[in-house]
Amino acid sequence: MLKPPVGILGGTFDPVHIGHLRPAIEARDALGLAEIRLIPNHIPPHRANPLCSSEQRLAMVRLAAAENPGFVVDERELKRDKPSWTIDTLIELRGELPDTPLCFLMGMDSLLTLPSWHRWQELLDYAHLVVSLRPGWQPDYPADIAGLLARHGTRRAEDLHLKLSGHIWLADNLPIALSATRLRDLLARGQDTRYLLPACVAHYIEQEGLYRTVAENPQAGPAQPGGKPGHP
Ligand code: ATP
């Protein structure tokens with residue numbers, strides 16, 4: 001008998017925002033996930049270094065997790081002295097949770113760029129994929145992703161409880177057109193960011209004086225829902 005599935009959400013979280021948290025809450029409730037593990041990356045292999053330190057990003061993720069039932073923070077990627085490949089994290093988690101289905105949560109941008117991820121074809125050996133709608137990223141699948149969906153896609157939430165890994169579930173979440181890039185841009189311009197991120201995280205940003213100037217924020221630019229290649 002398998003244990004209830006656990007959700008895993010990796011990200012740079014620079015900063016964590018409602019585009020991360022709302023789809024995760026909705027996946028938790030739609031799929032009956034026992035918990036959501038937020039895993040901040042240390043060294044994102046495919047993108048510019050984050051603006052905030054690992055400690056600051058971790059502090060923000062901890063604040064967000066603390067006010068959400070079932071959310072926990074997993075620091076393993078911050079402690080690793082090498083790139084945060086998702087496959088390595090999933091292999092480790094599978095070893096630690098041998099009877100628990102793992103649901104790796106990602107936005108549509110990540111699914112569309114999956115073939116650029118390290119050992120992407122092995123991800124489904126260790127976890128299910130739960131993919132959230134993300135405005136700006138149409139489900140217009142390249143052939144390899146269409147093939148993956150044909151082989152692994154399911155519409156039945158129960159399927160994710162019955163196997164440890166191997167399914168892809170497309171969520172019907174409230175689409176949220178927000179990226180951390182856009183949020184950093186708003187913060188750099190001193191604009192009001194209320195309701196785009198948890199109030200406790202906004203307070204931390206204010207207190208620490210983060211994301212204040214455009215100079216400190218070279219990535220700030222026109223609002224794009226994704227704006228960068230996918231997660232590792
Ligand atoms: P940045 O703008 O700095 O590139 P981001 O907002 O895209 O950051 P990440 O930390 O890179 O956030 O994303 C982590 C995960 O969260 C990815 O799987 C991404 O697809 C997902 N995600 C981020 N924002 C959204 C959103 N608005 N809707 C759905 N999924 C999202």
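Everything numeric here is computed off the predicted structure, so don't read it as measured data.
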What's the spacing between T193 OG1 and Y211 OH if we round to 0.5 Å?
-> 11.0 Å
Verify the cluster assignment for L124 and L97: are they in a single hydrophobic cluster under the rule of side-chain heavy atoms below 4.5 Å apart?
-> yes
R156 versus L162, closest heavy-atom pair with distance = NH2-CD1, 4.4 Å
Which residues pass the side chain to side chain donor-acceptor pair (under 3.5 Å) test with E206, sequence neighbours left out?
-> none
Could you tell me whether a side-chain N or O of R94 sits under 3.5 Å from a main-chain N or O of L164, the two making a donor and an acceptor?
-> yes
Does P23 reach the side chain of R134, with side-chain heavy atoms less than 4.5 Å apart?
-> no
Report yes if the side chains of L210 and M60 come closer than 4.5 Å at any heavy-atom pair, otherwise no.
-> yes
Between the main-chain N or O of N41 and the side-chain N or O of R57, is there a donor-acceptor pair closer than 3.5 Å?
-> yes
Stepwise, does the side chain to side chain contact (heavy atoms under 4.5 Å, CB included) test hold for D144 with W120?
-> CA-CA 11 Å; D144 38 11; W120 68 280; 4.1 Å; yes
For the pair I36 and N68, evaluate side chain to side chain contact (heavy atoms under 4.5 Å, CB included) and give the outcome as yes or no after the intermediate values.
-> CA-CA 9 Å; I36 299 281; N68 278 292; over 6 Å; no
T181 versus R184: any side-chain heavy-atom pair under 4.5 Å?
-> yes
Closest approach of S165 and D125, non-hydrogen atoms and distance?
-> OG-O, 3.1 Å
L105 versus A27, closest heavy-atom pair with distance = CD2-CB, 4.2 Å
For the atom pair CD1 (I145) and CG (D140), what is the distance rounded to the nearest 0.5 Å?
-> 12.0 Å
Kindly compute the distance separating SG (C200) from CZ (R62), expressed to the nearest 0.5 Å.
-> 13.5 Å
Which heavy atom in W85 sits nearest to a heavy atom in E77, and how many Å separate them?
-> O-OE2, 4.5 Å
Only counting residues at least two apart or in another chain, list the ones meeting side chain to side chain donor-acceptor pair (under 3.5 Å) with R151.
-> none
Starting at CH2 of W117, measure out to CE of M106 and round the result to the nearest 0.5 Å.
-> 4.0 Å
Tested for side-chain contact (heavy atoms from CB on, under 4.5 Å) against P198, the lone hit among E67, H17, H203 is E67
So do the side chains of L170 and P139 get within less than 4.5 Å of each other, counting heavy atoms only?
-> no
Kindly determine whether T89 and R80 satisfy side-chain hydrogen bond (donor to acceptor under 3.5 Å, both in side chains), including the steps that lead there.
-> CA-CA 10 Å; T89 300; R80 215 181 273 156; 3.1 Å; yes
Are L133 and I25 in one and the same hydrophobic cluster, where Ile, Leu, Val, Met, Phe, Trp and Tyr link if side-chain heavy atoms are under 4.5 Å apart?
-> no
Ignoring hydrogens and geometry, is there a side-chain-to-backbone donor-acceptor pair from T113 to S116 under 3.5 Å?
-> no
Contacts of D172 meeting side chain to side chain donor-acceptor pair (under 3.5 Å) (sequence neighbours excluded), chain-then-number -> none
Kindly say whether I39 contributes a backbone atom to a donor-acceptor pair with the side chain of D74 at under 3.5 angstrom?
-> no
Within residues 95-107 or reaching into it, pairs that qualify as side chain to side chain donor-acceptor pair (under 3.5 Å) - sequence neighbours excluded = R76-E96
Which residue, I176, L197, L183, forms the side-chain contact (heavy atoms from CB on, under 4.5 Å) with I18?
-> I176
Kindly give the heavy-atom pair with the smallest separation between K163 and P101, and that separation in Å.
-> O-CB, 3.4 Å
Evaluate the side chain to side chain contact (heavy atoms under 4.5 Å, CB included) criterion for residues R119 and D88: first the C-alpha distance (whole Å), next the side-chain angles of each, then the deciding distance (0.1 Å), finally the verdict.
-> CA-CA 10 Å; R119 295 167 60 188; D88 295 340; 4.3 Å; yes
Write out all pairs satisfying ring-ring contact (aromatic ring centres under 6.0 Å, His included) with one or both partners inside residues 140-194, taking only residues at least two apart or from two chains.
-> H128-H167
Kindly give the heavy-atom pair with the smallest separation between G32 and P5, and that separation in Å.
-> O-CD, 4.2 Å
Can you sort out the partners of E26 under side chain to side chain donor-acceptor pair (under 3.5 Å), two or more places apart, ordered by chain and number?
-> R22
Close side-chain approach of C103 to L33, heavy-atom, < 4.5 Å = yes
L93 side, atom CG; T86 side, atom OG1 - distance, nearest 0.5 Å = 10.5 Å
Can you measure from CG (L90) to CG (L102) and round to the nearest 0.5 angstrom?
-> 6.5 Å
